[in-house]
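Here's the structure, in C-alpha cells; my notes come after.
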Amino acid sequence: MKRWKRKQDWGRSRAKDVTRPAKLPVNFFSTRSPVIDLFRGQLDYADHLRQDSEIVLYFFYAPWCGQSIAAREEIEHVASRLSDQVLFVAVNCWWNQGKCRKQKHFFYFPVIHFYHRSFGPIEYKGPMSAVYIEKFVRRVMTPLLYISSRSKLLDFLSNYEPGVLGYFEFNASPQPPGYLTFFTSALHSLKKDYLGTIRFGVITDKHVAEEISLVHSGSVYLHRHVNTSLIYPNDIMNYTAENICKWALENREMLIRWLRPHGGKSLLLNNELKKGPALLIFIPYNPLAEIHPLLDEITKVALEYHSCNKSQAAEPVLQHLGDVDSPAFDSPVPDVHTELSETFSITKYPCCNTVVLPQWHSISRTHNVCELCINQTFGVKPNKVNVPHCNFLEIEAALDSFYLQEHTFFQVISNTIECSNFLSFYSPFSYYTACCRTVNRHFLSFISSEKTIFQTPKVAFSSHGKKDKDDTQNSIPHIEDRNCFIPDLHDNGTNITGLSCRTNKTLNLYLLDSNLFWIYAERLGASRSTHLKEFAAIVDLKEEVHYVLDQNQSLTGSTLENFIKNFSILYSPLKRHLVDDPSVHFHAQRIITEVTTNTFHDTVFSNEKNVLLLYYAQWCGFCASLNHIFIQLARLLPPDNFTVARIDITRNDLPWEFMTDRLPTILFFPHQRKEQSVKFPEDFPVNLPNLLKFILHYSSLSSSDHCTKECLHKETVLQQGHISHLEREIQKLRSEISALHQAHDKLEEQLSKARREEQRLQQQKHTLEKQHKTLQLHSEQLQSTYDQKNQELLAMAEKLQELADASENLLKENTLLRILVASKEGKLQLKDKAKEPVQSEQTLSDDNDVSVSTAATTLGEKRIDNIDTIETEHSSENRTG
Amino acid sequence: HSFSLTLIDALDTLLILGNVSEFQRVVNVLQEGVDFDIDVNASVFETNIRVVGGLLSAHLLSKKAGVEVEVGWPCSGPLLRMAEEAARKLLPAFQTPTGMPYGTVNLLHGVNPGETPVTCTAGIGTFIVEFATLSHLTGDPVFEDVARKALKALWKNRSDIGLVGNHIDVITAKWVAQDAGIGAGVDSYFEYLVKGAILLQDKELMSMFLEYNKAIKNYTKFDDWYLWVQMYKGTVSMPVFQSLEAYWPGLQSLIGDVDNAMRTFLNYYTVWKQFGGLPEFYNIPQGYTVEKREGYPLRPELIESAMYLYRATRDPTLLELGRDAVESIEKISKVDCGFATIKDLRDHRLDNRMESFFLAETVKYLYLLFDPDNFIHNDGSVFDVVVTPYGECILNAGGYIFNTEAHPIDPAALHCCRKQKEEQWEVEDLMREFYSLKRNKKFTLKRASDHGEGESVQDSVDASSENGREKRNSKKNAHSLLSCPSQSFNSKLAVLGQVFLDNT
C-alpha cells in the first residue's frame, strides 16, 4: 500500500515504540480573564460551579482547534461585559485524562452550552461572534419580556420577528398556574431556534391583555401580522413547554427570514432557493442595537408584500393595532385611525425623496445625502392630519425649492443628521423638511459594522416624525440626481401591497448579515469598492439568473419596493446581472488580452482585428496546460491584424449567446464578420499548427481581384508585417544558431576532452602491453625453470629408483649371504670341533651386514625430501615394512 | 540512504518557499555526492516519485532558482542526467510478462531472485508523469513506453464492473487483494491517469479515468463518502475513510467536478475537526478511528485538495482548514528537531519520526494555499522564453502538474526538446500564408496528435468497454474528453459550507 510500504522500505532503523505522550494541558485563557479556565477538563468542578450562578455559559474547547482559538477572543469580550451576571466557564474537553473528555463525546469544537438555573443545556449554534453570543446570552438571561403597558405591547407586536404572548394574573399568586411552563417554553425555544427569532412576552396587566383579546390568566397568544393571530389551544394540546414551543414554531409567520449558514456542510441555500425566486437583502446587522431603522423599513415592505388577506372582520382590534406598521387598507376606519395616531403621536411625512448632492469638493470623498419631505404638518396639529396624497408635481416643486437652496446643504458636513425646514419657493404655505447627512466613504466603512451612524440619525428622523410612510401607494421612487427620475411605477398600476399573491413570480424574502456573509453579496456582483455593505439581489435558481438592485441607489424601503415591482411585472425591465472579475486590470503590454464581462464587447466586437478568444478557468487542468501554446500563437500572429484574448469564464458572466459549457473553448471572430464566430472543433488536438490552420481557414483577407490603391496599401502593410515577422524569425534563428554554436563549442570541448582521454588511454594501453610482454617473458622464463626443475626431479627420481634397485639387490645378496653364512656356519660348527681357521671368515660377513643397514638409513632420509614421488614412497614403505 | 532522500524530496519546497540560495547549495551538494550504484533494495514506486520526480522538478526549476544552467537546458543538465540514471535503475523491474513492474528492485543487481511478484496497483500505475517527462526531455522513449504498458495492463485487468483491486501478481495478472476503493494502494493510479492526460493531452488516459470514475461513483460512493468494495461484486467491504483518500476532491477539481469535490471535502473536514488531524482509517458509521490506524503522520492530502479547491472557489472555508492545519502542526506535533508524526490522534501521542513527505508535500501545499501570488499559481500571464538548440520555447507559463509527491512539472517543458522539425517547418509555412494576400490552399486540421498511436488505442478503449455496456453513446463524444464543464449558476453561492443538489 502506497505509503505504508514506504515505512518498511525507507524507514531508518530506530528503536521501536519510542513515543512521547502529548504535552500537558496549559491555560487556554489568561489567568486575568473573567472566564474560569478548567484546562484540565474538570467537568465535576464545572458542574459544581453551576450552583453559584443563575446563568452559566460553558465553553468546551480543544486547545489545538483553530475555531476554539478564534472564538476565545469573542467569548472573552462577552465575558468582560457580562461577567457580573453570568458565569463563564471554559472546559478543556480534549485532554484524555480530564473528566470532560471521558464523559462527553464532541464531534467538533468549540461547543457552547448554557444553563438557566437547572434548565439546560441550551446549545448555542449561532455565529461565533461576540455580538451574536452576547445577544443570545441576554436572551437566556431574560427569555421573557414583561409587557406592562400598551405602548410596550405595541412595541412588542410591531417587531418583525414572531411574538408569543402569555397573560398571567400575578395579583392572585406570585407564581400563577402555568407561568413556569410558559417560562420554560421560552427557554426551550432557544434550544430549537438558536437564532432566537421567536420572542416571548408576558402580560401582567388585565387591560393590556384585553387589547389582544386575552381574558383568562394562563392563555398564550401567537401574534401574526398577515394571517389571523392564534391562541394556544389548551383543549387540543397539552399545556407543556415543548408543545407551546412546537406550536409557535409551526404556526409562526415567516414573512422574511434571516439566513445564517453555520459554515459546515449545509443545504440551507439549496433548500430555500429551490422554493422559487428569492430576494436576498444584505444589511450590516448588530443584534445588540436597540433599533434597526433599515430593518424596520425592509420588514414593512415584506409585510406589505405579503398582505394578501384583507378580511378585517376576524379581529378588528388587532387589525387596528396592526395598522401602525401594516399598510393602510382600502377602506380604513378613519376615527380609529385618528385615535391611534393621536395616542402614539405618529406624524407622517408621506412624500419624501432622497437626494444625493454632487460632490462639492471633488477631492473630498464625501457626499451629502438628504431626505427631502413635503411637510404639510408643520405648525399644524398632528392629529388633524389625514393621510395626504402627494403628487408628482408637489415633489417636483419641492425639489426645485430644494435645489435653489442646495448650497446651504452642501456646506453641511456632519456625521449625524441635521434637519432643517424651509419654505416653498412657490407657496408660502408649504414647508419642506430636508434632513441631510454626510456620507464619508472611508469613515463609513470603518464604523459601518457598529451601525452607530445609522442609529443616531434615524432617531433624529423619527423625532421629526418621519417614521412611517403609511401609504406606499403614494411613494415616489427615490431619485439619485435631478436628471434621473425613475418612472413612477404608481402610474402603471403596480402596487406592492399583497403583490406576493397577485403575481406568478412570488418572491421569498431573506435577510443576511453583511458583517458575516458579505461574500455571497460579492459573488452576486456587489461592488467590492463600496464601503457601505448594503446590497439586494433577486436570485432565480431555476432560471439561472439573478438581478441586482442598482448599487448607485441606496437600499431603502422604496428602492426595494421598486425592485420587487420591477421583477413582478409582465415585461420586467430588470436585466440579468453579469458578474465580472474586478481583480483583472487591463494590461496593454500583455501578449494575451485578458477579457472581462465589462471589456468583452469592446475587445471582441469594437475591434478591427480578427479575435481569437479562449474561454478558460484557472482551476481547469486542461486549460492551464495549454498556456504555452497560446502564448506562442500570440507571439507569432501579426499584432496589427490579430488579437489573442482569453476570458476566465468562472469569474466573468457573459450574455447567454456567448456562454459555453465546456472549457477550454476556442472561438474565432473574423474581422468584418464578427457575428459569424466559429468554434475550434473539439475533437482535434489543440496545437500550434492546428490553431494556425483554423485561423487561416476562417480569416479571409479581402480578395485581390480588383487591386486598387487601397489594396496596394494593404499589401504594403502586410508585407511590412511579413518583413518584421521574418526579421523576428531571423532574430530567433540567430539566437538559435548562437545556442547551437555554444552547444557545438561545448561538444567540441567535450570531444577534445574525450580525445585527450583516448590518447591517455592509448598510452596506458601501450604501457600495459609492454608490461604484458615483460610479464609474458617472465612467465616463459618461469615456465622453463619449472620444466627444468621438473626434469631434474625426474632425474633424481630415476636415480633414486636406481639406488632402490641397487639396495634391493644388495638385500637379496645379503640374504643370500646370510643363508650362505648360515650354511657355512653349520658346516663350520660341524668342522669346529675339528678345525680352528673357519672363525676368521665369520667376522668378515659381520662387516658386510653393517654397511647394508647404513645404506637403508640414507634411503629413508631421501624419501622425506621427495614426497611427491609415489614410487619412491612405495619402495621405501617396502623397505620399512 | 546514500542518495540523500529527504534532500532531493524537499528541494523544490525550498524554491517555492523562496529560499533560492539554499536551493542552489543543495543542487551543488547533490551533484557531488549522489551515487545510485549501490547495493540497496529500493521501492520502484518510491524511488520514482521521490527521486526521479524530485530531480526532474528541481532540474526544470533550477533556472528559475538562479542556478547556472548548461547550454542545452532544459534538454540536458546534471540533475536531468541524475534523474535518468535513477530511472534506468528501475527499468529492470518492468521486465515481466505483463509489463507490470515488480515492487522492489536492487539498484545494483536489478530484480532480486525470489522477489515477490505481488505489487500494489499504485505501484504499477504511478510512473507516467515522471517517465513521460523524462522521455520528452531526453528523447529516449523507453521510459514512457514502459509506463504506458503498465497502465494498459492494469486497464486490461479491471473487473467486469470496471473496478481495480489493491494488489496484483505481476506475473500471472491475478488480483491478490480485491478491495476496490480510491485510497491506499490505488490512489495515485487514478491521479496519474488524470495528470497524465493533462500533461500529455492524451484522450486515452482520460477515457480510462472517466470509465473508472463512473464505476467508483456507482459502487463506492455513499453520501459523498467513498467506501471500499469488493472489486468483482461491488459489495461494501470496509465502510472506512482513509486519510490517503483526501486527495480525491483536489483531483476532481482539476477536471471541473468542483461541486462534488467540495461536498466530499466538507465531509473530510468534519473528521479533521473531530481530531485535529485525519486518522489513517476512520470508521464512518461509528464516527471514530479504527483500531491500530489512529495515527496521523502529517499527511498532505487534505491540504492538497484545499489548495486546488481554493483556486476554483475562493471559499474561505478552505483557508480555515489551512488555519486548522497550521494550529495542529504547531500545537501538537512540534518538537525540538522538527515535526513529529502523531502516533495516536485520540490522545495526540507522538512518534519518534518525521516523514519525508512532510517537507516535500505538507509544507509546500500549506504554503501555496496561503500564497495566491506564488509562481506556481501563475495563470499564464507571465512566462519565460528559452532558446535551446532545438529552437525557441516558452517555459514557466503556469499549469504545473504536481506529481504524487508534490514535485511540480512544467507541462510546457515537454514541448521543448526534440520537437519534431516538421512541426516547425509547418508553422513556418503557415505563417507565410498569413502574409500573402491570396489564399490558395485549403487548410485541414490534423487529427493525429504527438502520440501517434493515440487514436488507434482510443478505438480499442471504446471497443473493449462497449462489449460490456452499450451505454456509451454519442452524448459522450459530443465534447472533448480533455475539457472541464463550466461551473453551474448555483456555484456562485456554494461557499461557506453551502452545497447544492443537482437538479436532476
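Note that the coordinates shown come from a computational prediction; the quantities given were computed from them, not determined experimentally. So you know, we letter chains A, B, ... as the sequences are listed, proteins then strands, and number each from 1.
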### Query
Measuring heavy-atom distances to chain B, does A/Q67 have an atom under 4.5 Å in its side chain, in its backbone, in both, or in neither?
both
### Query
In terms of heavy-atom pairs under 4.5 Å, which option from B/A312, B/P316, B/G398 contacts chain A the most?
B/A312
#### Entry: Under 4.5 Å from any heavy atom of chain B - which part of A/Y615
neither
### Summary
Rounded to the nearest 0.5 Å, the CG atom of B/N378 sits from the CG atom of A/N627 at a distance of 7.0 Å
### Message
Shorter than 4.5 Å, heavy atoms on both sides: which option in A/L688, A/T650, A/I631, A/L740 has the most such pairs with chain B?
### Response
A/I631
### Message
Looking only at heavy atoms and a cut-off of under 4.5 Å, which of B/L254, B/I255, B/L350, B/V382 has the most pairs with chain A?
### Response
B/L350
### Task
For residues A/H105 and B/Y288, determine if any side-chain heavy atom of one lies less than 4.5 Å from a side-chain heavy atom of the other.
yes
#### Entry: Segment of B/D315 engaging chain A (4.5 angstrom heavy-atom cut-off)
backbone
### Query
Between B/F383 and chain A, which part of the residue has a heavy atom less than 4.5 Å away: side chain, backbone, both or neither?
side chain
### Message
With a 4.5 Å cut-off on side-chain heavy atoms, are B/H348 and A/N96 touching?
### Response
no
#### Entry: Contacting moiety of A/L626, where chain B heavy atoms sit under 4.5 Å
side chain
### Query
Contact part of B/V326 toward chain A, heavy-atom cut-off under 4.5 Å: side chain, backbone, both or neither?
neither
### Query
Mind checking whether A/F106 and B/Q274 have side chains closer than 4.5 Å, heavy atoms only?
no
### Message
At a heavy-atom distance under 4.5 Å, which candidate from B/Q487, B/R323, B/K331 has the highest pair count against chain A?
### Response
B/R323
### Task
Without swapping roles, check the side chain of A/Y520 against the backbone of B/V495 for a donor-acceptor pair under 3.5 Å.
yes
### Message
I need the B/D347 CG to A/R101 CZ distance, nearest 0.5 Å.
### Response
8.0 Å
### Query
Where do A/R662 and B/S480 come nearest, in terms of heavy atoms and distance?
NH2-O, 4.3 Å
### Under 4.5 Å from a heavy atom of chain A, the part of B/T388 involved
backbone
### Task
Mind ranking A/P664, A/P638, A/A743 by heavy-atom pairs under 4.5 Å with chain B and telling me who comes out on top?
A/P638
### Query
For A/D648, is it the side chain, the backbone, both or neither that has a heavy atom under 4.5 Å from a heavy atom of chain B?
neither
### Query
Given that the side chain runs from C-beta out, which part of B/S253 has a heavy atom under 4.5 Å from chain A: side chain, backbone, both or neither?
backbone
### Task
Pick one of side chain, backbone, both or neither for B/V258, based on which atoms fall under 4.5 Å of a heavy atom in chain A.
side chain
### Message
Under a 3.5 Å threshold, yes or no: a donor from one side chain and an acceptor from the other, between A/S266 and B/Q498?
### Response
yes
### A/A70, part contacting chain B, at a heavy-atom distance under 4.5 Å
side chain
### Task
Could you look at B/S491 and say if it's the side chain, the backbone, both or neither that has a heavy atom under 4.5 Å from chain A?
backbone
### Within 6.0 angstrom of A/R728 CZ, more than 12 heavy atoms from elsewhere
yes
### Query
Going from CD on B/E392 to OG on A/S735, what distance comes out if it is rounded to the nearest 0.5 angstrom?
6.5 Å
### Query
So do B/K492 and A/H546 actually touch side chain to side chain, heavy atoms under 4.5 Å?
yes
### Message
Between the side chains of B/D379 and A/R646, is the shortest nitrogen-to-carboxylate-oxygen separation below 4.0 Å, so that they form an ion pair?
### Response
yes
### Message
If only side-chain N and O atoms count, and only distance matters, is there a donor-acceptor pair under 3.5 Å linking B/S483 with A/E682?
### Response
no
### Message
If I measure from the heavy atoms of chain B, does A/A617 come under 4.5 Å with its side chain, its backbone, both, or neither?
### Response
neither
### Task
Tell me, out of A/C623, A/A62, A/S625, who's got the most heavy-atom pairs with chain B below 4.5 Å.
A/S625
### Query
Aromatic rings B/H415 and A/H628: how do their planes relate, parallel, tilted or perpendicular, breaks at 30° and 60°?
tilted
#### Entry: Considering all heavy atoms, the nearest B/F489-A/D540 contact
CE2-O, 4.0 Å
### Backbone of A/P685 reached by a side-chain donor or acceptor of B/K203 within 3.5 Å
no
### Query
Mind checking what makes ring pair (Phe, Tyr, Trp, His ring centres under 6.0 Å) contact with A/W619, not counting sequence neighbours?
none
#### Entry: Under 4.5 Å from any heavy atom of chain A - which part of B/E320
side chain
### Task
Indicate yes or no: at least one non-hydrogen side-chain atom of B/N352 is less than 4.5 angstrom from one of A/T19.
no
### Query
Of the listed residues (B/G399, B/G123, B/S486), which shares the most heavy-atom pairs with chain A below a 4.5 Å separation?
B/S486
### Query
Can you say whether A/P63 sits under 4.5 Å from chain B via the side chain, the backbone, both, or neither, judging by heavy atoms?
backbone
#### Entry: A/K274 side chain vs B/L501 backbone, donor-acceptor pair below 3.5 Å
yes
### Task
Measure the shortest side-chain to side-chain distance between A/L696 and B/L430 over non-hydrogen atoms and say whether it is less than 4.5 angstrom.
yes
### Interface moiety of B/M262 toward chain A, non-hydrogen atoms closer than 4.5 Å
neither
### Summary
In this structure, CG of B/D429 is separated from CG of A/L692 (nearest 0.5 Å) by 11.0 Å
### Query
Closest approach of A/W94 and B/R346, non-hydrogen atoms and distance?
CZ2-O, 3.7 Å
### Segment of A/I629 engaging chain B (4.5 angstrom heavy-atom cut-off)
neither
### Query
Which one of A/A624, A/P21, A/G66 has the most heavy-atom pairs closer than 4.5 Å to chain B?
A/G66
### Query
By a 4.5 Å heavy-atom criterion (distance strictly below it), what part of A/V686 contacts chain B: side chain, backbone, both, or neither?
neither
### Query
Are any of the side-chain nitrogens in B/D224 or A/K265 under 4.0 Å away from the carboxylate oxygens of its partner?
yes
### Query
So which of B/M206, B/E330, B/R314 has the biggest tally of heavy-atom pairs under 4.5 Å with chain A?
B/R314
## Note on the structure
Heavy-atom nearest pair, B/V499 first then A/N270, reads O-CB, 3.4 Å
### Message
Please identify, among B/L496, B/L309, B/L266, B/V385, the residue contributing the most non-hydrogen atom pairs under 4.5 Å to chain A.
### Response
B/L496
### Contact class of A/L267 relative to chain B, heavy atoms under 4.5 angstrom
both
### Query
Who are the disulfide (SG to SG under 2.5 Å) partners of A/C620, not counting sequence neighbours?
B/C484
### Message
For B/I332 versus A/K23, what's the shortest heavy-atom pair and its separation?
### Response
O-NZ, 4.1 Å
### Task
Name the region of A/L273, side chain, backbone, both or neither, that has any atom closer than 4.5 Å to a heavy atom of chain B.
side chain
### Message
Contact between A/R590 and B/S381 at the side-chain level, heavy atoms closer than 4.5 Å - yes or no?
### Response
yes
### Query
Got a second to check how far A/K746's NZ is from B/S76's OG, nearest 0.5 Å?
5.0 Å
### Task
Indicate yes or no: at least one non-hydrogen side-chain atom of A/Q632 is less than 4.5 angstrom from one of B/V427.
no
### Message
If I measure from the heavy atoms of chain B, does A/T660 come under 4.5 Å with its side chain, its backbone, both, or neither?
### Response
backbone
### Task
To the nearest 0.5 Å, tell me how far B/I394 CD1 sits from A/I591 CD1.
7.5 Å
